[in-house]
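Read through the structure below, which is laid out as structure tokens, and then see the notes.
All residue numbers refer to positions in the sequence shown, counting from 1.
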Amino acid sequence: MPPRRPPVRSVHSARRRPPPKKRRRKKSPLFSGLEKVILMLCAVLVCCIIYSTVQLVKGIALQFDILSVGGDNHHLIVIDPGHGGIDRGAEYYAVESEETERTASALQALLMADENYDVLLTKQAGEGLSIADRASVANSKKADLFLSIHFNSDETYSATGFECYPQTPGSEYYSDSMRFAKAIAEGMGEQGQNLRGFGGVRFLYYTDDGEGGYQKLLREINDTNIYPEQTFGVLEQAQCPAVLAEQCFLTSDSDVLNWTGDSGAQKAARVYYEAICEYFGTEPIAG
């Protein structure tokens with residue numbers, strides 16, 4: 001007999017071996033620990049740069065009045081620190097341009113702290129500016145009040161005290177300018193400063209000297225005649241009530257001691273500030 005063959009198994013009945021399992025590869029992290037730290041530092045740095053830029057822009061905008069000013073209940077005050085740049089003004093026991101900027105900065109701080117006022121300086125510290133440009137700053141922003149701060153000098157070294165000059169009789173803003181000047185002078189007197197002329201308020205005119213130059217002609221407050229000559233350029237060109245103040249004499253030891261430097265600037269700024277408040281009828285913030 002032929003040998004028996006083993007039964008043939010159906011292909012379908014044969015057991016299939018399961019396919020080999022695929023090994024899952026471990027996914028590498030998107031960023032390593034060091035890379036995460038670097039990214040976080042970069043993000044913080046970018047945020048700091050953006051914040052600093054925003055604050056810088058706001059500061060510049062505030063200084064140059066790029067932001068809107070003069071809200072419904074706000075009065076815009078323009079402060080003009082006299083001289084500046086290569087024009088240092090009077091130079092004796094102190095330098096006029098440095099002292100005007102010091103006092104203007106102190107007054108600016110007081111006004112910025114008072115919600116009733118917006119304030120603008122005609123120029124930055126150390127910068128020079130023409131008379132026309134100083135007035136133009138106030139006019140372009142429609143200022144409510146303009147104050148130009150100066151210091152005096154005397155060749156004999158004997159003069160002392162305060163005097164200020166409003167716009168002259170017959171000018172558009174004469175009455176309001178006079179009211180502001182009187183408030184300033186009264187405040188200076190209350191602080192012990194000598195008031196020159198009749199109560200520290202005077203008029204000044206420039207007259208032709210016949211030789212192509214000019215002479216200064218002083219008139220006291222009781223002389224309200226209308227003269228054809230012009231006064232200080234900033235007062236002539238300002239389109240709002242304006243006063244030019246001569247804070248003290250830089251040729252006087254006592255004036256320089258009491259009305260210059262940081263302490264003198266703070267004292268004078270407080271007088272100017274309270275005169276502004278009196279002019280507009282607001283209550284000064286505590287000093």
Side-chain angles (χ1 to χ4, degrees), residues 77 79-82 89-90 92-94 96 99-100 102-111 114 117 145-154 156-169 173-204 216 218-224 231-232 234-235 241-287:
I77 313 301
I79 307 169
D80 175 41
Y92 293 90
Y93 299 126
E96 183 174 5
E99 296 302 326
T100 61
R102 198 191 312 272
T103 301
S105 179
L107 177 55
Q108 179 189 31
L110 286 171
L111 290 168
D114 190 328
Y117 299 100
L145 200 61
F146 181 92
L147 173 64
S148 187
I149 301 172
H150 291 257
F151 287 73
N152 227 328
S153 64
D154 170 45
T156 68
Y157 288 77
S158 61
T160 182
F162 170 87
E163 58 191 17
C164 65
Y165 301 89
Q167 288 149 315
T168 53
Y173 301 102
Y174 161 67
S175 296
D176 288 336
S177 175
M178 175 64 76
R179 183 161 58 88
F180 181 40
K182 286 182 176 179
I184 296 173
E186 288 172 5
M188 285 290 183
E190 290 172 359
Q191 290 299 317
Q193 175 64 310
N194 173 48
L195 300 180
R196 294 170 58 79
F198 294 171
V201 180
R202 304 174 121 174
F203 302 120
L204 182 137
K216 291 181 179 180
L218 280 175
R219 299 286 186 185
E220 298 300 343
I221 192 174
N222 60 343
D223 185 352
T224 58
T231 185
F232 292 103
V234 289
L235 301 183
V243 170
L244 187 147
E246 297 279 8
Q247 190 162 306
C248 74
F249 278 79
L250 296 182
T251 47
S252 164
D253 288 334
S254 60
D255 273 14
V256 170
L257 178 64
N258 292 299
W259 295 98
T260 66
D262 289 338
S263 61
Q266 292 291 338
K267 182 164 62 171
R270 185 71 195 184
V271 172
Y272 296 137
Y273 166 66
E274 291 186 356
I276 291 170
C277 291
E278 180 179 335
Y279 178 87
F280 287 105
T282 65
E283 188 68 25
I285 58 176

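- Side chains of Tyr117 and Thr282: a donor-acceptor N/O pair is present below 3.5 angstrom, by distance only.
- A pairwise comparison of heavy atoms in Arg202 and Gly197 identifies NE-CA, 3.7 Å as the closest pair.
- Of the possible donor and acceptor atoms, one in the side chain of Thr100 sits under 3.5 Å from a partner among the backbone N and O of Gly82.
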Inset, instruction - Evaluate the criterion side chain to side chain donor-acceptor pair (under 3.5 Å) for residue pair Asp255 and Thr160; output intermediate values, then yes/no. - result: CA-CA 7 Å; Asp255 273 14; Thr160 182; 2.6 Å; yes

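- Residues Phe280 and Ile77 have side chains in contact (heavy-atom distance under 4.5 Å, counting atoms from C-beta outward).
- Gln193 and Asn258 form no side-chain donor-acceptor contact under 3.5 Å, judged by distance and modelled atom types alone.
- Residues Ala185 and Gly199 share a closest heavy-atom pair of CB-O, 3.2 Å.
- When side chains are defined from C-beta on, Leu244 counts as touching Val234, because their heavy atoms get closer than 4.5 Å.
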Legend entry - Intermediate values then yes/no, side-chain contact (heavy atoms from CB on, under 4.5 Å), Tyr272 and Leu147: CA-CA 9 Å; Tyr272 296 137; Leu147 173 64; 3.8 Å; yes

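- The shortest distance between side-chain heavy atoms of Pro166 and Phe203 falls below 4.5 Å.
- Not a single donor-acceptor pair under 3.5 Å links the side chain of Thr251 to the backbone N or O of Tyr157.
- Counting only heavy atoms from C-beta outward, the side chains of Leu250 and Thr260 approach each other to under 4.5 Å.
- Once rounded to the nearest 0.5 Å, the distance linking CE of Met188 with SG of Cys248 reads 8.5 Å.
- Between the CZ atom in Phe151 and the CH2 atom in Trp259 there is a gap of 10.0 Å [rounded to 0.5 Å].
- Using a 4.5 Å heavy-atom threshold, the side chains of Phe162 and Asn194 count as separate.
- Between Leu145 and Phe180 the shortest side-chain heavy-atom distance falls below 4.5 Å.
- Within the 4.5 Å cutoff, the side chain of Leu195 has no heavy atoms near those of the Glu163 side chain.
- Taking all atoms of both residues into account, the shortest heavy-atom contact from Val201 to Ala181 is CG2-O, 3.8 Å.
- Checking side-chain atoms of Ser177 against main-chain N and O of Ala242 turns up a donor-acceptor pair under 3.5 Å.
- Between the CG atom of Leu257 and the OG atom of Ser263 there is a distance of 7.5 Å, given to the nearest 0.5 Å.
- Annotation: Lys267, atom NZ; neighbour count of heavy atoms from other residues, nucleotides and ligands within 6.0 Å is above 12.
- Shown here for Ala159 and Asp154, the closest heavy-atom pair between the two residues is N-OD2, 3.0 Å.
- With rounding to the nearest 0.5 Å, the separation of CZ in Phe198 from CZ in Arg219 is 12.5 Å.
- The structure places CG of Leu107 at 4.5 Å from CG of Leu111, a figure rounded to the nearest 0.5 Å.
- Both tests pass for Arg179 against the ring of Tyr279: distance under 6.0 Å to the centre and angle within 45° of the axis.
- Expressed to the nearest 0.5 Å, how far OH of Tyr93 lies from OG of Ser254 amounts to 10.0 Å.
- With a 4.5 Å cut-off on side-chain heavy atoms, His150 and Gln247 do not count as touching.
- Using modelled atom types, no side-chain atom of Glu96 and backbone atom of Gly89 make a donor-acceptor pair closer than 3.5 Å.
- Between Tyr92 and Phe249, the gap from one ring centroid to the other reaches at least 6.0 Å.
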Inset, instruction - Go through the steps to decide whether Ile221 and Lys182 satisfy the test side-chain contact (heavy atoms from CB on, under 4.5 Å), and finish with yes or no. - result: CA-CA 10 Å; Ile221 192 174; Lys182 286 182 176 179; 3.7 Å; yes

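- Under a 4.0 Å N-O distance rule, the pair Arg270/Glu274 qualifies as a salt bridge.
- Checking Tyr273 against Asp114 by side-chain atom types alone, a donor-acceptor pair falls below 3.5 Å.
- Taking both residues in full, the closest heavy atoms of Ile79 and Ala104 are given as CG2-CB, 3.7 Å, listed atom of the first, atom of the second, then distance.
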